[in-house]
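Below: one structure, written as structure tokens.
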There are 2 protein chains.
Amino acid sequence: MEEKSASFGFEQHDHNLCLSKAIQAAEDYCTKYKLQFTPLRRKVLELLLQEHRALGAYAILDLLRDAGFSSQPPVAYRALSFLVEHGFAHKIERLNAFVACTLSDTSHSPIFMICRKCETVVEAQSLSSNLNISAAAKAKGFEVEQTNLEAKGVCHSCVETV
Amino acid sequence: MEEKSASFGFEQHDHNLCLSKAIQAAEDYCTKYKLQFTPLRRKVLELLLQEHRALGAYAILDLLRDAGFSSQPPVAYRALSFLVEHGFAHKIERLNAFVACTLSDTSHSPIFMICRKCETVVEAQSLSSNLNISAAAKAKGFEVEQTNLEAKGVCHSCVETV
DNA sequence: AAAGCTAATGTTATATTATTGCAATAGAGG
DNA sequence: CCTCTATTGCAATAATATAACATTAGCTTT
Ligand SMILES: [Zn+2]
Ligand SMILES: [Zn+2]
Ligand SMILES: [Zn+2]
Ligand SMILES: [Zn+2]
């Protein structure tokens with residue numbers, strides 16, 4: 001009874017599994033590092049994991065209200081800060097929105113592919129590109145601490161549609 | 001009487017020349033493509049070129065007021081849109097701010113190195129990294145249209161200071 | 001030059017995104 | 001249970017950005 005209806009990585013996959021694994025991983029990480037994976041934080045991560053799209057803070061706030069939490073901006077922003085800080089989510093700067101992390105590896109330099117039609121956000125691990133960047137930077141005497149690459153384009157599903 | 005006091009590319013350089021060249025290039029480009037390089041647009045580009053730092057729209061607005069222009073938000077945002085659209089400036093998403101383009105090549109995929117201490121923003125041309133990204137994307141069936149890489153770190157001058 | 005058209009700018013209002021400061025509450029640790 | 005700290009709730013406001021419409025400037029055509 002495997003469900004593979006949701007799209008991810010621009011591919012079909014078992015999204016229920018995808019979601020529960022990510023939650024479990026976050027829980028394990030928090031236990032290990034004595035972080036508080038509170039109901040609020042868990043809920044926000046779940047909301048982000050529902051879809052492989054970036055959600056704005058105020059969209060999350062609406063969903064939190066539905067779930068019985070407070071719906072004041074700081075509530076969402078603080079939970080999101082926690083999730084981003086510990087690598088459970090990322091901020092997509094060009095959308096002012098947040099997406100759940102889909103890579104198990106903590107503290108990575110992600111590449112995001114953002115479909116401008118369906119707004120799906122897929123995260124990939126940076127390949128050698130990161131090395132090139134560091135090299136280019138080093139040549140200019142710059143110490144890279146964190147990189148963020150956001151690619152806008154059209155995904156497989158959308159490229160065929162008008 | 002060469003002046004090399006300003007830092008750029010984390011290096012000393014003749015900033016007056018740097019500025020006037022960029023203005024001239026923009027002027028030439030606009031003439032060629034019949035774009036209106038109006039006093040307002042020129043002024044905003046000049047303001048961005050003053051420093052190799054990203055300026056927020058409202059900072060620009062303050063400077064515009066000093067220069068006798070209107071200081072309502074749309075004035076700055078429209079001029080910035082024009083400059084960004086035609087490649088004379090870029091938006092630094094993680095700063096919600098704008099920086100003058102320092103590369104002559106029109107329509108490129110820039111890399112920005114942002115010093116978190118002095119806030120200098122240096123633009124570099126992407127090397128082979130772009131190819132890697134497109135390759136990674138293609139593997140996922142994604143058509144890259146535009147990429148933006150922002151690296152946070154510490155520049156040469158600041159790395160030595162506490 | 002005058003009229004007509006289009007692009008750019010001015011202006012007002014409002015939408016969207018994000019933070020500050022403080023009070024109340026929940027959870028960890030003794 | 002008590003204390004301390006982290007988290008959440010809440011109110012106000014800051015910072016960033018856009019929409020809608022009026023006015024002006026710069027061309028084009030007559
Ligand atoms: Zn999934
Ligand atoms: Zn799509
Ligand atoms: Zn310069
Ligand atoms: Zn610096």
Side-chain angles (χ1 to χ4, degrees), chain A residues 26-27 29-48 53-86 88-99 119 150, chain B residues 26-27 29-48 53-86 88-99 119 150:
Chain A
E27 195 159 303
Y29 184 92
C30 288
T31 301
K32 181 171 175 190
Y33 292 102
K34 296 194 196 300
L35 301 171
Q36 296 186 43
F37 196 49
T38 62
L40 174 66
R41 290 167 175 176
R42 170 189 290 262
K43 187 67 192 177
V44 173
L45 182 54
E46 280 171 2
L47 292 171
L48 290 178
R53 283 174 50 240
L55 291 179
Y58 283 75
I60 287 167
L61 230 35
D62 286 343
L63 296 168
L64 283 179
R65 186 189 304 109
D66 298 347
F69 291 89
S70 166
S71 61
Q72 298 301 316
V75 173
Y77 281 102
R78 285 187 295 222
L80 288 166
S81 296
F82 173 87
L83 296 175
V84 168
E85 189 179 344
H86 295 99
F88 305 135
H90 299 287
K91 182 171 184 184
I92 307 297
E93 296 287 351
R94 66 180 299 148
L95 300 178
N96 293 318
F98 301 82
V99 72
E119 295 198 288
E150 297 177 3
Chain B
E27 194 159 305
Y29 183 93
C30 288
T31 301
K32 182 172 175 190
Y33 292 101
K34 296 193 196 302
L35 301 171
Q36 296 186 43
F37 196 50
T38 63
L40 174 63
R41 290 167 175 177
R42 169 189 292 261
K43 186 67 192 177
V44 173
L45 182 54
E46 280 172 0
L47 292 171
L48 291 178
R53 284 174 48 240
L55 291 179
Y58 283 75
I60 287 167
L61 231 33
D62 286 344
L63 296 168
L64 283 179
R65 185 189 303 110
D66 298 346
F69 290 89
S70 166
S71 61
Q72 298 302 317
V75 173
Y77 281 103
R78 285 187 295 224
L80 289 165
S81 296
F82 173 87
L83 296 175
V84 168
E85 188 179 346
H86 295 99
F88 305 136
H90 300 287
K91 181 171 184 183
I92 307 297
E93 296 287 352
R94 66 181 299 149
L95 300 178
N96 292 318
F98 301 82
V99 71
E119 294 198 289
E150 297 177 3

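Lettering follows sequence order; numbering is per chain, from 1.
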Tell me whether the NZ or CZ atom of A/Arg41 lies within the 45° cone about the ring axis of A/Phe82 and under 6.0 Å from its centre.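 Satisfied, under 6.0 Å and within 45°.
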Do A/Tyr58 and the base of C/dT16 stack face to face, with centres under 5.5 Å apart and an angle between planes under 30°? no
Rounded to the Å, how far apart are [X] [atom1] and [N] [atom2]?
| X | N | atom1 | atom2 | answer |
| --- | --- | --- | --- | --- |
| B/Leu80 | D/dA17 | CG | P | 9 Å |
| B/Phe69 | D/dT23 | CZ | P | 22 Å |
| B/Leu64 | C/dT9 | CG | P | 11 Å |
| B/Leu61 | D/dA15 | CG | C1' | 12 Å |
| A/Arg65 | D/dC10 | CZ | C1' | 14 Å |
| B/Phe37 | C/dT9 | CZ | P | 11 Å |
| B/Glu93 | D/dA15 | CD | C1' | 16 Å |
| B/Leu40 | D/dT23 | CG | P | 20 Å |

Just to be sure I understand the rule, does B/Arg78 reach a base, reach only the sugar-phosphate, or reach nothing, if contact means heavy atoms closer than 4.0 Å?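 Result for B/Arg78 = base.
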Which part of the nucleic acid, if any, lies within reach of B/Lys34 when heavy atoms closer than 4.0 Å are counted: base, sugar-phosphate only, or nothing? nothing
Here the pair of heavy atoms bringing B/Arg53 nearest to B/Glu119 is CG-O, 3.4 Å
Grab the two heavy atoms, one from B/Ala76 and one from B/Ala57, that are nearest each other, plus how far apart they are.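 What the structure gives for the nearest pair is CB-O, 3.8 Å.
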On DNA chain D, compare the nucleotides closest to A/Ser71 and B/Gln72; which residue's is nearer the 5' end?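 Result of the comparison: A/Ser71.
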Tell me which of B/Phe98 and A/Phe82 sits closer to the 5' end of DNA chain D, going by the nucleotide each one is nearest to. A/Phe82
Taking only N and O in the side chain of B/Tyr77, is any of them less than 4.0 Å away from OP1 or OP2 of D/dA17? yes
With the side chain counted from C-beta on, respond yes when A/Leu80 and A/Leu48 share a heavy-atom pair under 4.5 Å apart, and no when they do not.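 Contact flag for A/Leu80/A/Leu48 side chains = yes.
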Distance flag, aromatic centroids of A/Phe88 and A/Tyr29, threshold under 6.0 Å: yes
Could you say whether B/Asn96 or B/Thr38 is positioned toward the 5' end of DNA chain C, judged by the nucleotide with the nearest heavy atom to each?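 Looking at DNA chain C, the more 5' nearest nucleotide goes with B/Thr38.
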Quick check for you: among C/dT9, C/dG10, C/dT12, whose closest atom lies nearest to any side-chain atom of B/Pro74? C/dT12
